[in-house]
Q: 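Okay, here's the structure, questions in a sec.
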Amino acid sequence: MYYGEEIIKFQNVGMRYGLGPEILHDISLKLEEGSFHFLTGDSGAGKSSLLRLMYLAHRPSRGLISLFGKDIATTPRHILPKLRRMMGVVFQDFKLIDHLTTLENVALPLQIEGASENEIKSKASELLDWVGLSKQLSILPRLLSGGQKQRVAIARAVVSRPKLILADEPTGNVDYHIAKRLMYLFEELNKNGTTILLATHNKTLLTDFPKPILQLRNGSLSLATISNHQTEPLRT
Ligand SMILES: Nc1ncnc2c1ncn2[C@@H]1O[C@H](COP(=O)(O)OP(=O)(O)OP(=O)(O)O)[C@@H](O)[C@H]1O
Ligand SMILES: [Mg+2]
């Protein structure tokens with residue numbers, strides 16, 4: 001894969017839940033390797049739904065989606081989990097595994113990859129240290145605060161250095177100084193080539209970390225600028 005290659009490409013994608021109304025219409029976008037975008041929009045605008053299409057938890061009702069250069073509609077089903085493993089996802093509701101400790105939750109992606117016990121322990125604990133949870137390594141998720149769970153979820157999403165990180169409101173439950181620290185972590189990963197899409201409606205974050213902003217409004221996507229809050233159609 002060369003720099004500038006499309007990691008995600010959507011062409012006229014529509015999405016609905018079951019037989020309900022279409023909630024995303026004609027979404028066309030390209031995310032190139034190494035890019036860092038924010039995804040914003042009011043509550044209910046469809047940010048989590050758009051991310052769900054990207055991490056293959058939901059099928060589009062129309063249009064084309066390519067991930068890592070592969071059209072997902074024609075890619076053999078057994079290849080899809082491989083594409084999914086190239087992504088790190090921070091879920092809005094964390095999705096930590098209740099019966100595993102903080103360290104075990106973060107270790108999971110490395111275990112799936114077959115990393116050695118030593119490597120797993122050192123990488124997982126290094127990241128948990130970075131997100132400020134070195135004292136909570138052996139604690140179960142139910143004993144953590146919302147912001148602590150969120151930081152475990154972030155550490156788990158990035159620990160295996162995925163090519164693509166999809167983060168759904170990853171700083172929604174933490175104080176702003178922790179949010180900034182987490183943003184530095186995402187920026188560091190991005191400097192090393194990881195493509196990042198981060199959904200947020202935190203305006204301060206959008207202002208303090210200038211990145212291109214994709215905005216969802218009424219089910220459609222446009223490119224927004226923070227300075228004048230204007231939007232323009234996406235060129236794809
Ligand atoms: N599982 C579901 N079944 C049916 N409709 C859903 C489901 N999940 C979301 N929706 C609907 O899809 C629309 C978009 O919801 P979504 O969760 O993607 O918004 P969001 O931008 O992530 O909002 P928030 O900022 O509150 O997280 C909403 O109208 C919502 O009611
Ligand atoms: Mg959401």
Side-chain angles (χ1 to χ4, degrees), residues 8-29 31 35-65 67 72 80 84 87-96 141 145-158 162 164-176 178-180 182-183 186 195-209 211-226 229-234:
I8 297 183
K9 185 175 175 188
F10 277 43
Q11 284 173 277
N12 304 104
V13 169
M15 172 177 175
R16 61 176 81 243
Y17 286 99
L19 298 174
E22 195 176 75
I23 55 141
L24 296 175
H25 326 289
D26 285 317
I27 305 283
S28 294
L29 71 94
L31 298 186
S35 61
F36 192 147
H37 288 80
F38 282 123
L39 173 64
T40 194
D42 293 342
S43 181
K47 301 179 295 296
S48 299
S49 302
L50 183 62
L51 295 178
R52 247 170 236 143
L53 291 174
M54 293 174 176
Y55 61 76
L56 300 171
H58 202 98
R59 287 282 175 149
S61 48
R62 60 192 173 88
L64 290 178
I65 297 181
L67 297 171
I72 61 156
L80 296 180
R84 179 64 183 74
M87 308 177 197
V89 181
V90 183
F91 301 95
Q92 192 167 11
D93 58 355
F94 321 129
K95 297 202 193 304
L96 299 179
S145 73
Q148 289 172 329
K149 284 183 202 164
Q150 186 152 46
R151 284 179 277 159
V152 178
I154 292 173
R156 183 181 60 183
V158 307
L164 168 67
I165 293 175
L166 301 172
D168 199 352
E169 293 283 356
T171 62
N173 294 272
V174 295
D175 297 338
Y176 196 60
I178 298 180
K180 283 210 307 211
L182 296 171
M183 281 300 296
F186 288 123
T195 309
I196 300 187
L197 179 61
L198 195 158
T200 183
H201 38 39
N202 184 334
K203 293 259 180 332
T204 318
L205 214 59
L206 298 181
T207 316
D208 287 356
F209 293 87
K211 315 272 177 213
I213 302 168
L214 301 170
Q215 180 155 45
L216 273 173
R217 198 180 274 159
N218 301 326
S220 299
L221 196 67
S222 55
L223 198 58
T225 45
I226 193 71
H229 298 280
Q230 282 177 342
T231 61
E232 55 176 273
L234 273 176

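Here, residue 1 is the first one in the sequence, and each next residue gets the next number. All ligand and atom numbering here is 1-based and tracks the order in the structure.
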Q: Does a side-chain heavy-atom distance below 4.5 Å link Phe38 with Leu198?
A: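 They are in contact (side-chain heavy atoms under 4.5 Å apart), so the answer is yes.
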Q: Counting backbone and side-chain atoms alike, is an N, O or S atom of Ser48 positioned under 2.8 Å from the Mg ion (ligand 2)?
A: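 Yes - counting backbone and side chain alike, Ser48 has an N, O or S atom under 2.8 Å.
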Q: Can Tyr55 and Asp168 be counted as having a side-chain donor-acceptor contact under 3.5 angstrom?
A: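 Judged by distance alone, the side chains do not pair up.
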Q: Does any N or O in the side chain of Glu169 come within less than 3.5 Å of the main-chain N or O of Ser48, such that one atom is a donor and the other an acceptor?
A: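 Flag not set: sc Glu169 to bb Ser48 has no pair under 3.5 Å.
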Q: Does the shortest distance from the Mg ion (ligand 2) to an N/O/S atom of Ser49 fall below 2.8 Å?
A: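 No N, O or S atom of Ser49 is closer than 2.8 Å to the Mg ion (ligand 2), so no.
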Q: Can you name the one residue among Ser61, Pro60, Ser28 that meets side-chain contact (heavy atoms from CB on, under 4.5 Å) with Val13?
A: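 Of the listed options, the one satisfying the test is Pro60.
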Q: Checking side-chain contact (heavy atoms from CB on, under 4.5 Å) against Leu197, which of Leu39, Leu29, Ile165 comes through?
A: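 It is Leu39, the one option of Leu39, Leu29, Ile165 that forms the side-chain contact (heavy atoms from CB on, under 4.5 Å) with Leu197.
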Q: Check this for me, if you would: do Arg62 and Asp26 make a salt bridge, where the nitrogen-to-carboxylate-oxygen distance has to be below 4.0 angstrom?
A: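 Asp26 and Arg62: salt-bridged.
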Q: Could you name the protein residues that come within less than 4.0 Å of ligand 1, counting only heavy atoms, and order them by chain and residue number?
A: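 Only Tyr17, Ile23, Asp42, Ser43, Gly44, Ala45, Gly46, Lys47, Ser48, Ser49, Arg52, Gln92, His201 have heavy atoms that fall under 4.0 Å of ligand 1, ordered by chain and number.
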Q: Arg59 and Ile72: which non-hydrogen atoms are nearest, and at how many Å?
A: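 In terms of heavy atoms, the two residues are closest at NH1-O, 4.0 Å.
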